[in-house]
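Report on one structure; see the data block that follows.
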Amino acid sequence: MAIESSIDLRKLTIYSIFIRNFSDEGTFKGVIPELERIKEMGVDMIWFLPHYPLGELKRKGKEGSPYAIKDYHGFNEAFGTKDDFEALVEAVHQLEMKVMIDIVFNHTSPDSLLSQKHPEWFYRKPDGNFGNHIGEWTDVIDLEYQGNDALWDYQIETLVEYAKIIDGFRCDVASLVPLEFWLKARQAVAQVNPELIWLAESVEPSFILETRRQGITGLSDSEVYQAFDLTYDYDINHYFLAYLRGEIALSRYIESVRQQFWTYPANFTKLRFLENHDQERIVGKIQTHHSLKQLTAFNFFLRGAHLIYNGQEIQADHLPSLFDHDLIEWNWQKDISKEIQRFIQLKKELVPVSGTFEMGADDDMEAVWVQYQDHHQEVIGIFALNQNKKGEIEVPIEDGNYENQYNHQEVQVKNGKIRLEQDPIYLQTTIPS
């Protein structure tokens with residue numbers, strides 16, 4: 001991975017906003033009244049889905065996908081002006097949060113400014129027409145980086161300009177863009193903003209294999225880490241979903257998480273999430289016996305940065321369309337912001353960014369423990385994901401009475417076992433020297 005990537009990013013919490021569907025106004029200005037609420041949850045950085053003007057040719061839906069971009073240097077008029085955007089950035093910074101924007105450099109809309117001014121920068125199908133390598137993405141055409149040095153210069157200049165005012169890039173399907181480009185771009189951006197955070201939307205293993213089968217760029221997470229600070233958790237997400245569907249045991253998913261720690265460099269940081277703009281809402285994935293509270297606590301306790309997708313804090317069950325005006329239904333009767341706030345607080349206060357990390361699971365109880373050790377401090381979290389099952393699980397901690405740091409109640413470890421509770425359990429102890 002990028003050798004300078006800080007392990008302090010493992011404390012980072014990102015909140016993702018789709019401007020069109022976030023507020024009644026659907027504008028940059030419509031976000032500002034909610035910033036203090038978001039900050040209060042413990043959020044460090046806000047990632048805005050693409051803010052650019054959208055193409056009209058082959059548009060999906062009435063409004064169009066934010067990822068079918070017409071002009072990388074413009075602003076979607078429906079969202080507001082450049083001044084409005086900069087005012088939003090300033091409002092975020094005033095609350096001591098950072099701003100991340102979406103960078104979509106694999107493709108543009110078919111009627112983009114670049115396709116008109118520089119058609120030679122685009123991939124061509126065998127019939128000579130513009131096209132793309134991912135068939136279902138019918139509203140975009142792919143850029144061609146091989147042999148187009150002027151395209152590299154244009155894209156890097158774009159990044160450098162944005163890096164002067166914002167704090168991070170979330171790079172869409174970064175795995176499909178040549179690694180050499182990202183390395184050169186990072187070097188250039190560092191000249192104006194060396195602290196900028198680079199998040200790659202790395203892709204699922206099946207996606208990598210399919211792109212390679214087609215003979216196009218398909219970077220593995222290990223390759224992407226050479227240029228980026230963080231990557232998506234898609235490398236193991238299929239195991240998580242398979243567990244939720246009851247297709248595999250919890251321990252198989254836990255083992256996939258453990259494997260990340262000997263697969264990637266020691267300072268790697270994954271972006272952990274339960275949902276995002278491409279994924280079904282978490283409440284639609286879990287079985288009736290699962291505890292959303294315990295699942296959320298467990299996710300935030302994993303080593304890595306964490307993502308909240310707008311609406312997750314009110315247990316939204318509807319995923320807003322990417323292609324139409326489709327507002328989030330802000331039902332505050334289902335608000336779990338305070339619980340998320342507590343999980344983030346405990347993560348920042350208790351979970352070390354260095355030291356050892358271990359996990360274990362009891363498949364019969366559908367419970368998991370996560371253990372950190374750093375110097376002489378030990379922290380362990382115990383999460384009962386199936387609330388229909390009551391009992392005990394074995395944990396790697398000495399017998400004794402402890403305070404659950406989540407609710408400040410006393411719990412007991414006896415004969416190497418602890419009784420599962422409705423609340424997650426967070427224990428902290430000192431390891432004898």
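Positions are given from 1, in the same order as the sequence printed here.
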Side-chain donor-acceptor pair present, Asn106, Tyr67, cut-off under 3.5 Å: no
Stacked cation flag Arg252 on Tyr239, 6.0 angstrom / 45 deg: yes
Any donor-acceptor N or O pair under 3.5 Å, side chains Asp221, Gln260: no
Check: Glu204/Asn237 side-chain N/O donor and acceptor closer than 3.5 Å: no
Salt bridge (charged side-chain N to carboxylate O under 4.0 Å, His left out) partners for Lys285, two or more places apart: none
Any donor-acceptor pair under 3.5 Å from Gln315 side chain to Lys334 backbone: yes
Under-4.0 Å salt bridge between Asp423 and Lys293: yes
Atom CD of Glu394: over 12 foreign heavy atoms under 6.0 Å: no
Flag for Gln377-Gln373: side-chain donor and acceptor within less than 3.5 Å: no
Any Ser23 side-chain heavy atom under 4.5 Å of Glu34 side chain: no
Flag for Ser251-Asp363: side-chain donor and acceptor within less than 3.5 Å: yes
Gln155 versus Tyr145, side-chain donor and acceptor atoms under 3.5 Å: yes
Minimum side-chain heavy-atom gap Leu250-Asp362 below 4.5 Å: no
Side-chain donor-acceptor pair present, Thr296, Asn299, cut-off under 3.5 Å: no
Expected output: side-chain Arg419 to main-chain Glu392 donor-acceptor under 3.5 Å: no
Residue Lys338 excluded, over 12 heavy atoms near NZ under 6.0 Å: no
Charged tip of Arg37 within 45° of Trp332 ring normal and under 6.0 Å: no
Arg20 side-chain N/O to Leu322 backbone N/O, donor-acceptor pair under 3.5 Å: yes
Any donor-acceptor N or O pair under 3.5 Å, side chains Asp83, Thr81: no
Set of salt bridge (charged side-chain N to carboxylate O under 4.0 Å, His left out) partners for Arg303, sequence neighbours left out: none
Validation row, ring centre Phe79 to ring centre His51 under 6.0 Å: no
Geometric class of the Phe357/Phe261 ring pair [parallel <30°, tilted 30-60°, perpendicular >60°]: parallel
Side-chain H-bond candidate by donor/acceptor type, His73 with Thr158, under 3.5 Å: yes
Check ion pair Asp229-Arg186 (N to O, under 4.0 angstrom): yes
Main-chain N/O of Ala384 paired with Gln387 side-chain donor or acceptor, under 3.5 Å: yes
N-O pairing of Arg342 and Glu339 below 4.0 Å: no
Proximity of Phe301 and Phe343 rings by center, below 6.0 Å: no
Salt bridge flag under 4.0 Å for residues Arg170 and Asp172: yes
Leu420 side chain reached by Met365 side chain, heavy atoms, under 4.5 Å: yes
Glu403-His408 side chain donor-acceptor pair, cut-off 3.5 Å: yes
Geometric class of the Phe383/Phe298 ring pair [parallel <30°, tilted 30-60°, perpendicular >60°]: tilted
Between His306 and Tyr15, ring centroids under 6.0 Å: no
Gln345 versus Glu349, side-chain donor and acceptor atoms under 3.5 Å: yes
Side chains of Tyr123 and His133 in contact at under 4.5 Å (non-hydrogen atoms): yes
Phe105 and Trp182 aromatic ring geometry - parallel, tilted or perpendicular at 30°/60° bounds: parallel
Ion pair check, Glu223 and Arg212, cut-off under 4.0 Å: yes
Donor + acceptor pair across side chains of Asp235, Tyr264 (<3.5 Å): yes
Sequence-distant partners of Glu378, salt bridge (charged side-chain N to carboxylate O under 4.0 Å, His left out), two or more places apart: none
Residues Lys348, Asp44: salt bridge by 4.0 Å N-O rule: yes
Validation row, ring centre Tyr243 to ring centre His238 under 6.0 Å: no
Donor + acceptor pair across side chains of His277, Asn310 (<3.5 Å): no
Check: Tyr232 ring centre within less than 6.0 Å of Phe273 ring centre: yes
Note: Asp233-Arg272 ion pair, threshold 4.0 Å (strictly below): yes
